[in-house]
Structure formats: C-alpha cells, structure tokens
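The structure appears below as structure tokens.
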Amino acid sequence: MAKEYRTIQEVAGPLMLVHDVTDVTYDEMGEIELANGEIRRCKVLQVNGNDVLVQLFENSAGINLSDSKVRFLGRSMELGVSEDMLGRVFDGLGHPIDGGPEILPDERRDINGLAMNPAARIYPSEFIQTGVSAIDGLNTLVRGQKLPIFSASGLPHAQLAAQIARQAKVRGTDEPFAVVFAAMGITFEEADYFKQSFTETGAIDRTVLFVNLANDPAVERIATPRMALTAAEYLAFEKGMHVLVILTDITNYADALREVSAARKEVPGRRGYPGYMYTDLATLYERAGRQAGKSGSITMIPILTMPEDDKTHPIPDLTGYITEGQIILSRELYRKGLMPPIDVLPSLSRLKDKGIGEGKTRADHANTMNQLFAAYSRGKDAKELMTILGESALTEIDLIYAKFAEAFEKEYVSQGYETDRSIEETLSVGWKLLSMLPRAELKRIDDKFLDEYYGK
C-alpha cells in the first residue's frame, strides 16, 4: 500500500510542493485525493532532500492544503499496449475516447522508452511510397528515416499529413503496415478532420490515433508523443510491423515544454524555450529507426509550423539538426493554388539516394530526379528574369525552361490531396515534362534512359 502524505505546503499554478517525503524518484507518478474523494494525477518534477515538487495533470482548483492527501505510486507513467490499439482513438494520456471499451494490455510499458543502441541500428535503405510525387520522386522517404515537414500557420499541413497516413506503403512486401498518429494541441475541428479522413477511407483500421486538444493541460501535451512512440515501438519491434509515426504539431509540443519550464522558474534559453529543448526533442526523434534482428521499423514524419515562417526559429532549427532532411511547404505556392504546396528546391531528404534505383524504385529514378531539380531551378530563374526584364529579353531556351517550371508546378507538384500516384506514375509524369526540353539539354541523364523514355 502506497504511503499517504498530508504535508502539502503550497500550490502555484500547475505545481505543488509536498514536505517530508521519503523514497520518491524523479518522474514518478502520484495521486492527489481531495476531501470529497476525487482523485487527480500528478508526477514528480524535482526532489530536493525531503521536499518534492510535483506537476498536476488537471487544474489545481479545489485542492485544500490541509484536507488533501498525496500518495506516490512507485512507477513512472506507463501505457498498456496491445495489437487491439489499431483502429482506436485515445486521448493524450492513452485513455480511449472513441466510445469503445478499455484496451486489455499485453504488457505495460514506461512511456519514456529506452534509447536504441546505435550499434544495433540498421541503415535505412527501403523505399516507402507515399503516393505524393514531390516526396516520392524528388525527396524520397526511406524506411526508418525521420523526415519532418516544415509548414507555417494557415498552410494545409493537416491535409498532407492525412494524405500520407492514408496512402503510405512499403512496396514489394506483404508485411503488415501501421500508422501511429499523434496530434498535439490541435483544435477540435482538426481532430474531427483527422478522424473523419481516416474513417472514410478505411485507413483507421491500421491506425492508432492519439489526440491532445488545445484546451487539454500542457503537461498532457508533453506525454502525448511519448505515448504514441511507445505504441509504435511495441507494434514495430514486438509485432514486426512497419510503423509510420506522424507527430503534429511539434511547435505546440515545444510551447508546452516552455510553459512547464517557466512554471519551474528555470533559466530560459533562446526565445524563452528551455536550454534542454534539443535533448528533449532528440529523445523523441531518436526513437525512430530499424533494429538488427527485428523485422519491424519506425519511420517518423514530425510536422511543425514555423513561427513567423522563420526557418531559423529554435524549433525548426533544432529539428533540422536531429532529423534527416525536411519537406518545406511554401506560402507562395499555396497562394498560387498548388496542392500540396511543397517547395521542392529547399526541401531535402538526406537518405533519398539509399532508397531509390534498380530493385527499389526504377533504374532511371536518380537521373530523372537530378535533371528535374536542375531544370526546375533554371526555369524559376528564367521566370524571375522575365518579371524584371520582360519576356522579349529571354532567349528561346530560357522561355522553354520558364514554361517547363510552370508545367512542373501544375502537373508534378500540384496533384491534390486525393490522388495516390505509384512511383511509376510519378516517373512517367517526370519524363513527360522533361520531354518539353530539347534532348541536348538533358545532360544529367544516361543515354540508355533517354533512348527508352524520352518523348515516349
């Protein structure tokens, strides 16, 4: 039986100080019993001698210092995991909110997980088809990779996230594929959109959804991605599934971290975020990957909205250091009506070369990818010149490149949120566009591929 303490000294916002406590450790869970018998949850943030600072999960209203009792449970926060989680919707702390029964867990796991031994990691090398040309063709996602999407407020990252979650698959295997989707600090409307989107297409059957709403407590927001990753680790490394984890929105998560840090009166770092934010984000991102001897894997797509569209803001900046590339959504392309508005030139997947080519996608993939990048870049330059100097100042070849850039945005990038393109379709759209250019211009493509695909 857990020992009870009636030594609450003070309550300040989400924090509470308890005196004369023994044998309690950092991160341990606790329960506060109010005079009327109501139970609220808390966790240990700091132990100083016999004084313990705890963080409340619910609000502090109604906690009477003399009548309330605290007991510590001797364990950190855990999630009961089982394959029955697929097709279910949970709140940020792992309780079902879809009206279904409680999960009967196969085991209970600490949500902080265990870091993967670097020596046990396998290098990511298998192609994942998302059905989105701008990703599959040019910034390929590889199984076991962490590839964030950098968005900005008001851009349709929710639609893109839902589209990837619905369409993603590992080709050429019949191994089970699951999606773990964690939404942090989102509005009720967005939460409803994700649920509807997955239910209508049947994708919900292979999805585990964790939803933390904007009006839920900040401390729950910090637990949500860890809950999701714990479920993902179980499905991947115990049940041998390919798991795609989508976390949205990391900016809301970091803001919750800042809020808790400020309540603890910690010394702030850049822009008021705690100095340990890099380490904290790394404890999430580094849980993705593949392990030697295990058939499953975790591939991660974190989504973050860059405050003031600023790539150098601490959240995207630190995320870029820990992950392998980024997909960038552009406000300019969004205004032009492109769906999805992926800006392919500053986007990057550092592992794309490992997941493409003969036996993975197609032998001509790398050549066409490089040529499309080069041609689109030159076409954009030509369009800028045209804006400044007028069309008559451009050479004939520059005009062709400008037309190519227009067509590339309309046909290749802007495919809508319902179209699921196979990699073959993506490559053939690429060849159709490259055939607009004179053959002599395609210097990055091997002649044998030009003979096979150019102008066909």
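This is a predicted model, so every value here is computed, not measured.
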Applying side chain to side chain donor-acceptor pair (under 3.5 Å), can you list everything that pairs with Asp280, at least two apart in sequence or on another chain?
Arg226, Tyr253
With the threshold set at 4.0 Å, does a side-chain nitrogen-carboxylate oxygen contact exist between [X] and [Y]?
| X | Y | result |
| --- | --- | --- |
| Arg143 | Glu126 | yes |
| Asp317 | Arg270 | yes |
| Glu324 | Lys352 | no |
| Asp255 | Arg258 | yes |
| Glu58 | Arg41 | yes |
| Lys69 | Glu4 | yes |
| Asp249 | Arg221 | no |
| Glu107 | Arg109 | yes |
| Arg421 | Asp136 | no |
| Glu286 | Arg121 | yes |
| Glu33 | Arg71 | yes |

Atom [atom1] in [X], atom [atom2] in [Y]: separation rounded to 0.5 Å?
| X | Y | atom1 | atom2 | result |
| --- | --- | --- | --- | --- |
| Asn50 | Asp20 | CG | CG | 6.0 Å |
| Ile63 | Arg40 | CD1 | CZ | 5.5 Å |
| Leu235 | Ser297 | CG | OG | 11.5 Å |
| Thr251 | Ile315 | OG1 | CD1 | 4.5 Å |
| Ile356 | Leu138 | CD1 | CG | 9.5 Å |
| Arg166 | Arg206 | CZ | CZ | 10.5 Å |

Would you please name every residue forming a ring pair (Phe, Tyr, Trp, His ring centres under 6.0 Å) with Tyr412, sequence neighbours left out?
Phe408
Set out, in order, the CA-CA distance, both residues' side-chain angles and the distance that settles side-chain hydrogen bond (donor to acceptor under 3.5 Å, both in side chains) for Tyr234 and Ser82, then state yes or no.
CA-CA 8 Å; Tyr234 173 76; Ser82 131; 5.8 Å; no
Check this for me: [X], atom [atom1], are more than 12 non-hydrogen atoms of other residues, nucleotides or ligands nearer than 6.0 Å?
| X | atom1 | result |
| --- | --- | --- |
| Asp23 | CG | no |
| Ile39 | CD1 | yes |
| Glu332 | CD | no |
| Phe188 | CZ | no |
| Lys311 | NZ | no |

Measure from the side-chain N and O atoms of [X] to the backbone N and O of [Y], and report whether any donor-acceptor pair falls under 3.5 Å.
| X | Y | value |
| --- | --- | --- |
| Thr419 | Gly416 | no |
| Glu220 | Pro217 | no |
| Gln415 | Ser133 | yes |
| Thr201 | Ser197 | yes |
| Lys336 | Lys410 | no |
| His242 | Val170 | no |
| Gln167 | Thr130 | yes |
| Asn367 | Asp364 | no |
| Thr25 | Glu28 | no |
| Thr7 | His19 | yes |

Min side-chain heavy-atom separation [X]-[Y] under 4.5 Å:
| X | Y | value |
| --- | --- | --- |
| Leu155 | Thr305 | no |
| Val245 | Leu229 | yes |
| Leu73 | Glu31 | yes |
| Val132 | Ile342 | yes |
| Arg88 | Ile103 | yes |
| Phe237 | Arg290 | no |
| Ser422 | Glu425 | yes |
| Val208 | Val179 | no |

Phe194 and Phe181: ring-ring contact (aromatic ring centres under 6.0 Å, His included), yes or no, with the steps?
CA-CA 9 Å; Phe194 287 129; Phe181 197 101; 4.5 Å; yes
Does a donor on one side chain sit under 3.5 Å from an acceptor on the other, for [X] and [Y]?
| X | Y | value |
| --- | --- | --- |
| Ser261 | Glu266 | yes |
| Ser76 | Asp27 | no |
| Gln159 | Tyr193 | no |
| Glu409 | Ser414 | no |

In this structure, is the centre-to-centre distance between the rings of Phe210 and His95 below 6.0 Å?
no
Results of side chain to side chain contact (heavy atoms under 4.5 Å, CB included) for Leu345 - residues two or more places apart only:
Asp343, Phe373, Tyr376, Ser377, Lys380
side-chain contact (heavy atoms from CB on, under 4.5 Å) for Met339 and Tyr417? Distances and angles first, verdict last.
CA-CA 7 Å; Met339 300 185 300; Tyr417 299 111; 3.7 Å; yes
Dump the intermediate steps for ring-ring contact (aromatic ring centres under 6.0 Å, His included) on Phe150 and His313, then the final yes or no.
CA-CA 11 Å; Phe150 287 6; His313 185 279; over 10 Å; no
